[in-house]
Amino acid sequence: AGRALFNGKAACATCHELRGEGKRVGPELGNLVHRDYASVLADIADPNATINPEGVGYIVTLKSGETTVGTRLGESAFLLQIAQPGGTVARLKKSDIAKTEPMPVSLMPPGLEKSLTSTELRDLMCYLLTALPSHSQP
């Protein structure tokens, strides 16, 4: 049930990757199994409290006046790649960029836990915080 919520109603997979599923816009969530319930819930409730360096959002303003918002995915001497919410990657020519500014807030909206019932929140948190069982080979 937690996996279905991660990929569906909770929409975590639109910006986060876990166990090979989802989009790599915000931080990969595989390390959550090493964290406690309260701290993960606090990050969901108020993602602006502590922004992971891997998830810093940027506003890129082009010389045309258009803006692109997302996280830095990569860059070369001529191109900046921005991962946008939902997973679309904008490939922007550096020669077209007027300015790039870090966002003062997280791309993740606060209060996502409020969209879930208590049972759904429990199921999602169990999915996020529980490691898959390892199968030993003979």
For residues 54-65, dump all side-chain donor-acceptor pairs below 3.5 Å to protein atoms at least two apart in sequence or in another chain.
unit_1: Lys63; atom_1: NZ; unit_2: Ser95; atom_2: O; d: 2.7
unit_1: Ser64; atom_1: OG; unit_2: Glu66; atom_2: N; d: 3.4
unit_1: Ser64; atom_1: OG; unit_2: Glu66; atom_2: OE2; d: 3.4

4.5 Å side-chain heavy-atom contact, [X] and [Y]:
X	Y	answer
Thr71	Ile82	no
Leu112	Pro47	no
Arg72	Thr100	yes

Decide yes or no on side-chain contact (heavy atoms from CB on, under 4.5 Å) for Ile97 and Leu80, but give the supporting numbers first. CA-CA 9 Å; Ile97 297 173; Leu80 175 62; 3.9 Å; yes
Which atom pair, heavy atoms only, marks the closest approach of [X] to [Y]?
X	Y	result
Met125	Leu41	CE-N, 3.6 Å
Glu120	Leu116	OE1-CA, 3.4 Å
Lys94	Ser76	NZ-O, 2.8 Å
Arg91	Leu79	C-CD1, 3.9 Å
Asn48	Ser106	OD1-N, 2.6 Å
Pro85	Val69	CD-O, 3.7 Å

Item checked: All side chain to side chain contact (heavy atoms under 4.5 Å, CB included) counterparts of Ala11, not counting sequence neighbours ->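 With neighbours one apart ignored, the set is Thr14.
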Any link between Leu29 and Ile51 through a network of hydrophobic side chains (Ile, Leu, Val, Met, Phe, Trp, Tyr) touching at under 4.5 Å?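 Different hydrophobic clusters.
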Identify each donor-acceptor pair in which a side-chain atom of residues 15-26 lies under 3.5 Å from a protein atom, sequence neighbours left out, and give them as a table.
unit_1: His16; atom_1: ND1; unit_2: Pro27; atom_2: O; d: 2.8
unit_1: Glu17; atom_1: OE1; unit_2: Arg24; atom_2: NE; d: 3.4
unit_1: Arg19; atom_1: NH1; unit_2: Tyr127; atom_2: O; d: 3.2
unit_1: Arg19; atom_1: NH2; unit_2: Tyr127; atom_2: O; d: 3.0
unit_1: Arg19; atom_1: NH2; unit_2: Thr130; atom_2: O; d: 2.4
unit_1: Glu21; atom_1: OE1; unit_2: Arg3; atom_2: NE; d: 3.1
unit_1: Glu21; atom_1: OE1; unit_2: Asn7; atom_2: ND2; d: 3.0
unit_1: Glu21; atom_1: OE2; unit_2: Arg3; atom_2: NE; d: 3.0
unit_1: Glu21; atom_1: OE2; unit_2: Arg3; atom_2: NH2; d: 2.2

